[in-house]
Amino acid sequence: MATASVTKAKAAQPAQAEPVVEVSAPTRREFLYYIWGASMALILGQATAGLIWFALPRFKEGEFGGTFTFTGEDVPEVGDAPTNIPSGRFWLSRLEDDSFVALYGVCTHLGCLPKWVETNTRFECPCHGSKYELNGKWIEGPAPRSLDRFKTTITFEDGSTAATNDDGDPIPLEGKRIRSIAVNTGARIRRNGQV
Ligand code: FES
C-alpha cells in the first residue's frame, strides 16, 4: 500500500520546462558585414574564373584560330604547287629561294578564296580577279595588299628552330631537313601596302 502511494506522488510532479534559447536578430552592422562578405566572395570567384578563361587556349590544335602541326613530308618541295589546308584556310608555300611561308588563303579585297592556277603559277581570285604570286605578293586586281601570313615555327632535323619574324617574311630553309612545322592561325600578319 505504501509503495503505491509513493509512485502516484512522483507521477503528479510537473514536467520541467525546457530552457529557452533566445536567438537574437543580426544587428544592422552584422547584416551589412554579411552582405559585404558575400559580395567579396562573388567578385573573387568571378576574377578567378576570368583568369582561368584567359589562361586556357581558346582554340584547339588543328582548328582555325589554333595551331596546325605538320611533318616535313607535308611541306611542298621547291618548284611544287603550294599545298592547300582548307580546315585552316591557309596555304603551305615553298618558294624558289628555298624559303617557306604560310599564306592566309582569304583574298584581301572582299574575302573570297583565291585558287592556285598551275598554268599561270599564281593565285587567282574568282570574284574580282585579284592575282597573287606564290609568296602571296599582290600582282594585280582590286585587292589592297598582298595575302596575309601566319606565324610559323619550324623545327629542323638537327634540332634547330626558326620562326616567322614580325614582318611575316618567309623563313629561309637553307637546305635543312624539316622535322615539324607549326602554323599558328591565331597570329595573322598583315603585309603593308601591296608588297
Ligand atoms: S574578293 Fe578577291 S578580288 Fe574581290
Side-chain angles (χ1 to χ4, degrees), residues 53-156 160-195:
W53 189 80
F54 272 110
L56 290 174
R58 298 197 199 162
F59 299 99
K60 291 184 198 143
E61 185 166 332
E63 76 176 23
F64 185 74
T67 299
F68 289 68
T69 307
F70 305 93
T71 66
E73 291 176 1
D74 298 321
V75 178
E77 297 293 335
V78 174
D80 285 353
T83 302
N84 189 17
I85 311 295
S87 56
R89 301 177 212 162
F90 64 89
W91 295 80
L92 305 176
S93 193
R94 182 85 164 255
L95 309 181
E96 297 87 350
D97 62 355
D98 197 18
S99 58
F100 173 86
V101 65
L103 298 170
Y104 185 35
V106 174
C107 183
T108 56
H109 180 220
L110 292 176
C112 289
L113 301 178
K115 305 260 181 293
W116 177 255
V117 179
E118 189 62 49
T119 48
N120 296 333
T121 57
R122 65 188 182 190
F123 294 100
E124 296 182 0
C125 183
C127 293
H128 313 99
S130 288
K131 297 174 180 60
Y132 306 90
E133 292 179 9
L134 178 64
N135 63 3
K137 185 179 177 194
W138 175 88
I139 300 170
E140 62 182 34
R145 64 181 191 278
S146 301
L147 294 176
D148 297 338
R149 298 170 177 190
F150 286 130
K151 259 194 181 296
T152 300
T153 302
I154 297 176
T155 303
F156 297 102
S160 62
T161 60
T164 311
N165 62 18
D166 291 341
D167 293 330
D169 294 329
I171 300 173
L173 301 179
E174 299 166 337
K176 293 185 192 172
R177 289 178 58 81
I178 296 172
R179 179 187 299 161
S180 67
I181 189 160
V183 178
N184 182 358
T185 59
R188 179 148 57 101
I189 299 170
R190 190 181 155 115
R191 299 288 279 188
N192 292 326
Q194 293 177 328
V195 295

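Numbers here are sequence positions counted from 1. Counting starts at 1 for both ligands and their atoms, following the listed order.
Distance alone, capped at 3.5 Å, is enough to place a donor-acceptor pair between the Arg149 side chain and the Gly168 backbone. Under a 3.5 Å cut-off, the side chain of Ser99 and the backbone N or O of Pro170 do not form any donor-acceptor pair. Side-chain atoms of Thr71 do not come within 3.5 Å of backbone N or O of Ser180 as any donor-acceptor pair. Proximity of a side-chain donor or acceptor of Lys151 to a complementary backbone N or O of Thr164 within less than 3.5 Å is detected. Judged by distance alone, with hydrogens and angles left aside, the side-chain atoms of Ser93 form no donor-acceptor pair with the main-chain N or O of Asn135 at under 3.5 Å.
Protein N/O/S atoms closer than 2.8 Å to atom 4 (Fe) of ligand 1: His109 ND1, His128 ND1.
Between Phe90 and Phe70, the two ring planes are perpendicular [angle over 60°; tilted spans 30° to 60°].
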